[in-house]
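One structure is given below, encoded as structure tokens.
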Amino acid sequence: MSALELSAVDRTYRQGGNALPILQGANLVVRAGEMVALVAPSGTGKSTLLHCAGLLEKPDGGDVLIGGMPTVRLDDGERTRLRRTEIGFVYQFHHLLPELTAAENVMMPQMIAGLGHEQARARASELLRFIGLGERLDHQPGTLSGGEQQRVAIARAVANAPRLLLADEPTGNLDPHTSDHVFGMLMAIVKQSGLGALVATHNIDLARRMDRRVTIRAGAIEEMA
């Protein structure tokens, strides 16, 4: 079963009277339990690809399938529901809510999805303990290290047990040692939970640790050696 499939995806931006094609017939499959590294220079369409995969933008052609479900014909409400329940996002900067504790940050998406307080707290505690932050549940982000904050962000992204995790430079703001540790936690969650992950990174060492590597050339997605 695929977590994500891009099928002949086209995406073109228009500036004034000019058309700027970014993705042209892009195809990609990310399977459940698989980590795929997206290694591409700036300006080649990496962000556009992630936005289309995350249902933040609609492609101009082709389709994006989440767990085998075509999405291009869904309305905005249905796309929002899928993003909330089936897709987790991790960014270079953690974007935690500073007034909430680590546990509360992880509880938030669960409660938005309709889970009760006690169940959300139990799930948040389980996830934070799994990534080694069991002693930091009630600490606010300002009292956590950069690596700890990013681990909380990863726990928040997978709190609703999504099929797909999209990560954009998730360790790009960390020193090499912390980056390696946080990436290890991310890999452990992917393999343990069986979700599919597409991880954009400029870190070639981390990319080589993933199951596959892809890049973008002339709007198409190509496998890398």
Side-chain angles (χ1 to χ4, degrees), residues 3 33 35-38 47 50-51 53-54 56 80 82-203 205-207 209-210:
M35 291 189 78
V36 177
L38 172 59
S47 295
L50 290 173
H51 288 170
L56 296 169
T80 297
L82 269 182
R83 276 198 306 272
R84 185 179 296 156
T85 59
E86 301 293 325
I87 305 172
F89 297 89
V90 181
Y91 301 99
Q92 180 173 350
F93 299 98
H94 54 78
H95 298 301
L96 299 175
L97 295 173
E99 68 276 13
L100 301 183
T101 65
E104 289 167 343
N105 268 283
V106 180
M107 291 166 63
M108 183 63 68
Q110 301 177 73
M111 296 180 70
I112 290 173
L115 204 64
H117 184 277
E118 289 188 12
Q119 291 173 294
R121 174 78 185 190
R123 169 73 170 159
S125 299
E126 177 186 13
L127 282 168
L128 290 170
R129 288 192 178 98
F130 179 77
I131 60 175
L133 294 177
E135 303 299 317
R136 312 289 266 168
L137 299 180
D138 297 316
H139 289 242
Q140 291 179 315
T143 67
L144 302 176
S145 70
E148 288 172 334
Q149 291 173 4
Q150 196 65 329
R151 280 189 276 163
V152 174
I154 291 169
R156 179 183 59 186
V158 301
N160 285 334
R163 290 179 185 271
L164 173 66
L165 182 69
L166 299 173
D168 190 1
E169 298 289 351
T171 63
N173 200 40
L174 304 173
D175 65 76
H177 175 76
T178 306
S179 171
D180 187 71
H181 186 56
V182 168
F183 180 79
M185 292 292 101
L186 178 60
M187 180 176 284
I189 287 175
V190 169
K191 297 306 180 182
Q192 173 112 349
S193 63
L195 59 83
L198 178 61
V199 183
T201 182
H202 286 107
N203 188 322
D205 290 334
L206 292 186
R209 291 168 60 184
M210 299 189 220

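For the side-chain contact (heavy atoms from CB on, under 4.5 Å) with Leu195, the lone residue among Val158, Leu164, Ile87 that qualifies is Val158.
To the nearest 0.5 Å, the span separating CG on Leu133 from CD1 on Ile154 amounts to 10.0 Å. The CE atom of Met111 lies 10.5 Å from the CD atom of Gln119; values are rounded to the nearest 0.5 Å. Taken to the nearest 0.5 Å, the CZ atom of Arg83 stands 10.5 Å off from the OG1 atom of Thr85. Atom NE2 of His202 is separated from atom OG1 of Thr171 by 11.5 Å, given to the nearest 0.5 angstrom. Considering NE2 of His139 and CG of Leu128, their distance stands at 11.5 Å, rounded to 0.5 Å. Taking CE of Met185 as the reference point, atom CG of Leu127 lies at 12.5 Å (rounded to 0.5 Å).
In plain terms, the two heavy atoms of Asn203 and Thr201 that are nearest each other are N-OG1, 2.9 Å. The two residues Ala157 and Phe89 come nearest to each other via the heavy atoms CB-O, 3.4 Å. The two residues Ser179 and Leu206 make their nearest non-hydrogen contact at OG-CD1, 3.7 Å. Gly134 and Arg129 make their closest contact through CA-CG, 3.7 Å (heavy atoms, listed as atom of the first residue, atom of the second, distance).
In this structure, Arg136 contributes its side chain and Thr143 its backbone to a donor-acceptor pair below 3.5 Å. Although no hydrogens or angles enter the test, the distance criterion places no donor-acceptor pair under 3.5 Å between the side chain of Asn160 and the main chain of Pro162. With Gln110 contributing its side chain and Leu115 its backbone, the two residues share no donor-acceptor pair below 3.5 Å. Side-chain atoms of Gln150 come within 3.5 Å of backbone atoms of Pro170 as a donor-acceptor pair (strictly under, hydrogens ignored).
Between Arg151 and Ile189, the closest side-chain pair of non-hydrogen atoms is not below 4.5 Å. Using a 4.5 Å heavy-atom cutoff, the side chains of Leu96 and Gln140 are not in contact. Counting heavy atoms from C-beta outward, Pro141 and Val152 have side chains that stay 4.5 Å or more apart.
Other residues, nucleotides and ligands contribute only 12 or fewer heavy atoms inside 6.0 Å of the CD atom of Glu118.
Not counting sequence neighbours, the partners of His95 by the ring pair (Phe, Tyr, Trp, His ring centres under 6.0 Å) test are Tyr91.
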Output a table of donor-acceptor pairs, distance under 3.5 Å, between side-chain atoms of residues 102-109 and any protein atom two or more places apart or on a different chain; print 'none' if there are none.
unit_1, atom_1, unit_2, atom_2, d
Glu104, OE1, Thr101, N, 2.9
Glu104, OE1, Thr101, OG1, 3.4
Asn105, OD1, Leu97, N, 2.8
Asn105, ND2, Leu97, O, 3.2
Asn105, ND2, Leu100, O, 3.4
Asn105, ND2, Thr101, O, 3.1

